[in-house]
2 protein chains.
Amino acid sequence: MVTIKEVAKKAGVSVATVSRVINKNGYVKESTFEKVQHAIQELNYRPSAIAVSLNNKKTKTIGLILPDITNPFFPELAKAVEEVANSNGYTMILCNSSGTLKNEIEQIEMLQSKYVDGIILASDSYVEEDYKHVNLPMVLLDRGANPRNSSIRVNNYYGGVLATEHLLEQGCTKIAHLAGPKDVFTAQQRLEGYQSVVEDMEWFDKKLVAYANYQLEDAITATKELLNQNIGIDGIFAGNDLMAIGCLKAIHSFGLSVPEDIAVIGFDGISLTNMIIPELSTIKQPIYEMGKEATNQIIKEIEGNETESRDIEFDVTLIQRESTNRKRRPGCEDGAKSKDNGNR
Amino acid sequence: MVTIKEVAKKAGVSVATVSRVINKNGYVKESTFEKVQHAIQELNYRPSAIAVSLNNKKTKTIGLILPDITNPFFPELAKAVEEVANSNGYTMILCNSSGTLKNEIEQIEMLQSKYVDGIILASDSYVEEDYKHVNLPMVLLDRGANPRNSSIRVNNYYGGVLATEHLLEQGCTKIAHLAGPKDVFTAQQRLEGYQSVVEDMEWFDKKLVAYANYQLEDAITATKELLNQNIGIDGIFAGNDLMAIGCLKAIHSFGLSVPEDIAVIGFDGISLTNMIIPELSTIKQPIYEMGKEATNQIIKEIEGNETESRDIEFDVTLIQRESTNRKRRPGCEDGAKSKDNGNR
DNA sequence: TTGAAAGCGTTACCAA
DNA sequence: TTGGTAACGCTTTCAA
């Protein structure tokens with residue numbers, strides 16, 4: 001690699017001057033500027049990001065910690081982060097935490113020692129206590145408010161309400177909920193949304209709520225149990241899309257059909273939902289937007305334009321597709337009935 | 001951040017001694033060692049990766065360039081790379097090239113100026129010419145041989161043969177191929193595999209080959225056209241799984257069923273294939289293994305244990321599921337008939 | 001067994 | 001408008 005010294009020698013100036021040319025600050029005579037530029041081209045010189053970082057304590061790098069990149073929700077998020085980061089001159093280091101606190105902590109340590117400028121953390125297991133020693137800008141995804149860090153999320157509660165009401169509107173008379181893990185924030189909120197709608201209905205029964213771990217396989221098992229233990233279920237609100245697909249498979253294995261016998265709606269709006277047959281209705285989160293906003297926020301905090309932390313809540317949107325279309329024949333449309341709740 | 005100097009002061013020794021303790025090299029008296037360790041703990045000191053890098057020209061970072069992280073093939077790959085990298089003390093910078101040469105080149109430049117130690121490149125548009133100025137270890141995914149770089153890939157040709165023969169075995173009498181983009185290496189190879197099996201059959205016709213861009217939407221259109229222009233197609237080999245799902249949707253929209261009317265097989269073995277109904281038969285690539293091997297290879301090259309480049313070809317495996325199961329009722333099994341071709 | 005100091009490639013301050 | 005140089009945090013060589 002060619003260094004600034006070699007450029008200086010070639011151009012017949014000092015390294016200080018070359019530095020000024022590179023950063024376009026300080027006074028440089030026009031002719032000197034050109035001479036230096038020429039030398040830079042000639043030698044195909046690129047400043048060492050390492051050396052620059054050592055000086056100014058900035059690496060132009062942000063860390064993104066995800067529970068699992070193979071969960072289809074996250075690639076879209078990662079893409080948004082990467083794109084926004086890049087277009088602001090940052091690069092992204094990706095870490096898979098596998099959702100365990102131990103890994104998260106370890107990775108945060110590692111990111112700190114690599115001097116990333118900030119961290120975006122999508123964590124299921126976040127507990128404020130555990131992150132006391134993190135003194136970098138950090139924005140949280142899908143977590144509740146926290147005085148120290150900005151957070152980006154959707155109104156999960158309202159999404160739960162929306163999904164449940166939609167099933168009701170479609171004529172469902174007994175609606176079950178396949179909830180995510182009990183200790184996961186988003187899952188709790190979605191469940192509460194569901195409960196708020198159905199708890200006073202005369203058919204409601206606690207046994208209509210089952211739990212699974214947000215994964216497909218687990219959801220299949222849970223759905224089968226749900227169907228065995230309850231008679232007359234004709235609608236299921238699954239806590240995420242992956243589990244909704246599990247529902248579909250379980251229902252299929254019972255020889256029942258969707259949406260005729262049982263309507264199914266998911267949550268997240270991953271692209272998978274319109275790949276399957278029947279296409280899956282869902283409560284869509286603006287995933288890309290969320291990643292974009294998280295990145296913008298972290299960059300603001302890094303660059304010091306914004307030190308106070310912000311709480312940003314996005315709206316969810318009901319996407320009706322075949323899996324809940326009980327009013328006409330399936331296969332017709334893919335309408336996004338936006339039901340903004342007006343916040344933001 | 002606490003520096004080595006502060007540790008030295010606290011322990012009452014010089015920075016050189018602290019450095020020796022950290023790196024466990026050179027002579028250090030037992031008692032001194034302990035004293036220093038103690039100070040390190042006390043201050044919660046972590047060496048600055050930046051400063052270390054400036055010295056030894058190694059960043060312990062590798063760059064992974066992918067065409068599109070939202071394509072389900074790549075997250076699994078990325079996960080493998082990240083895990084193997086981490087367990088060797090490396091971190092991974094992820095870049096989305098969107099498949100364009102311009103972005104790839106730009107990102108390689110950027111990665112070089114960040115002094116990554118090596119690059120894993122999954123490229124559709126790789127042309128040796130364009131990468132002449134890359135003087136880092138680089139391993140290529142899914143590309144043909146190249147004297148300068150190691151490459152990791154599967155036997156795409158053989159996979160094409162395997163898929164086509166499988167459809168034949170299932171009793172298909174007129175098999176179409178939905179191929180990937182003409183200029184993409186993997187797509188060409190798979191197509192050739194198909195052709196080698198069917199070109200001498202009396203029913204074969206060039207019109208049985210259609211092209212799409214490896215994406216779902218495009219595949220739906222192409223399949224519809226295929227079905228409109230050809231009579232009697234009862235088997236389709238799609239160039240990748242995403243397109244196979246497109247086939248399924250197109251066939252469904254014609255009111256036909258899979259596998260009874262038309263059997264469908266994909267290529268890749270992404271996890272999507274067992275999420276959909278009917279579950280999709282496919283030619284599975286050992287994606288995780290490939291990522292793992294790519295990472296091991298790049299690390300070897302970085303650490304200088306291996307300077308010569310290697311060409312590693314993995315075997316593909318036929319996974320038969322419902323979408324080609326014409327011999328018995330669907331829904332029974334998920335068998336992996338391994339047909340090794342003995343290379344590697 | 002330990003410490004002093006040079007050097008890694010920049011930036012920024014101070015002088016000239 | 002330019003150049004010399006300290007400083008960033010660490011490793012490594014050389015001396016002690």
Side-chain angles (χ1 to χ4, degrees), chain A residues 1-40 43-61 89 109-117 135 303, chain B residues 1-40 43-61 89 109-117:
Chain A
M1 280 276 95
V2 18
T3 73
I4 197 172
K5 231 183 230 170
E6 305 174 47
V7 175
K9 182 182 291 179
K10 175 132 200 159
V13 298
S14 72
V15 294
T17 301
V18 177
S19 177
R20 282 188 207 102
V21 170
I22 295 165
N23 301 295
K24 301 199 197 317
N25 62 10
Y27 298 90
V28 180
K29 207 205 304 173
E30 180 69 23
S31 64
T32 314
F33 188 94
E34 310 238 299
K35 216 167 44 184
V36 172
Q37 283 270 282
H38 201 76
I40 289 176
L43 298 172
N44 190 27
Y45 164 75
R46 314 268 293 166
S48 156
I50 301 291
V52 173
S53 295
L54 187 58
N55 261 291
N56 59 201
K57 269 76 179 61
K58 295 280 177 228
T59 52
K60 287 280 189 175
T61 304
E109 285 282 303
M110 183 273 287
L111 290 173
Q112 289 202 85
S113 78
K114 286 240 172 177
Y115 279 66
V116 300
D117 297 333
N135 42 10
E303 301 187 344
Chain B
M1 281 276 94
V2 19
T3 71
I4 198 172
K5 231 183 230 171
E6 306 172 46
V7 175
K9 183 182 290 179
K10 176 131 198 159
V13 299
S14 73
V15 296
T17 302
V18 178
S19 176
R20 284 187 204 102
V21 170
I22 295 165
N23 301 295
K24 303 200 197 317
N25 63 10
Y27 296 91
V28 181
K29 207 205 301 175
E30 179 69 22
S31 64
T32 314
F33 189 94
E34 310 238 300
K35 217 167 41 182
V36 172
Q37 283 269 284
H38 202 74
I40 288 176
L43 298 172
N44 191 25
Y45 165 75
R46 315 268 293 168
S48 155
I50 300 292
V52 173
S53 294
L54 188 56
N55 266 290
N56 59 201
K57 268 79 177 61
K58 294 278 178 232
T59 53
K60 286 278 187 177
T61 304
E109 285 282 305
M110 183 273 288
L111 289 173
Q112 290 204 85
S113 77
K114 288 238 171 179
Y115 279 67
V116 300
D117 297 334

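Per chain, numbering begins at 1; letters A, B, ... match sequence-line order. Heavy atoms only: backbone and side chains are in, while hydrogens, waters and symmetry mates are out.
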Atom NZ of B/Lys35 and atom C1' of C/dT1 are separated, to the nearest Å, by 11 Å
Checking C/dG9, C/dT1, D/dT1 against the side chain of A/Thr32 (C-beta onward), the nearest is D/dT1
* Asked: Counting only N and O atoms by type, is there a donor-acceptor contact under 3.5 Å from the side chain of B/Thr32 to the main-chain atoms of B/Val28?
  -> no
Discussion item. Strictly below 4.0 Å: does A/Lys5 bring a side-chain N or O up to OP1 or OP2 of C/dT10?
Written reply: no
When rounded to whole Å, the CG to C1' distance for the pair B/Leu54 and C/dG7 reads 9 Å
Using only side-chain N and O atoms of B/Lys57, determine if any of them is under 4.0 Å from OP1 or OP2 of C/dG9.
-> yes
The reported gap from OH in B/Tyr115 to CZ in A/Arg46 (rounded to nearest 0.5 angstrom) is 11.0 Å
Do any N or O atoms from the side chain of B/Glu6 and from the backbone of B/Thr3 form a donor-acceptor pair under 3.5 angstrom? yes
Do side-chain atoms of B/Asn56 reach the backbone of B/Lys58 as a donor and acceptor pair under 3.5 angstrom? yes
Rounded to the nearest 0.5 angstrom, the CD1-CG distance for B/Ile50 and B/Asn55 is 12.5 Å
When rounded to whole Å, the NZ to C1' distance for the pair B/Lys58 and C/dC8 reads 14 Å
Whole-Å distance, B/Phe33 CZ to C/dT2 P, equals 12 Å
**Prompt:** For B/Thr17 and C/dG3, is the shortest distance between a side-chain N/O and OP1 or OP2 below 4.0 Å?
**Reply:** yes
Rounded to whole Å, the CD-P distance (A/Glu6 to C/dG9) equals 8 Å
For D/dG3, take OP1 and OP2 only and decide whether either is under 4.0 Å from a side-chain N or O of A/Ser14.
yes
- prompt: Does C/dG9 have OP1 or OP2 sitting under 4.0 Å from an N or O in the side chain of A/Ser48?
  reply: no
Walking DNA chain C from its 5' end, the first of A/Met1 and B/Tyr27 to be reached, judged by nearest nucleotide, is B/Tyr27
Going 5' to 3' through nucleotides 11-16 of chain D and flagging B where a protein heavy-atom sits under 4.0 Å of the base, S where only the sugar-phosphate is that close, and - otherwise, we get BBB---
Please answer whether the main-chain N or O of B/Ser48 pairs with a side-chain N or O of A/Ser113 as donor and acceptor at a distance below 3.5 Å. no
A/Lys60 backbone acceptor or donor facing B/Lys114 side chain under 3.5 Å
yes
*asked:* Using a heavy-atom cut-off of 4.0 Å across all strands, would you classify A/Ser53 as base, sugar-phosphate, or nothing?
replied: nothing
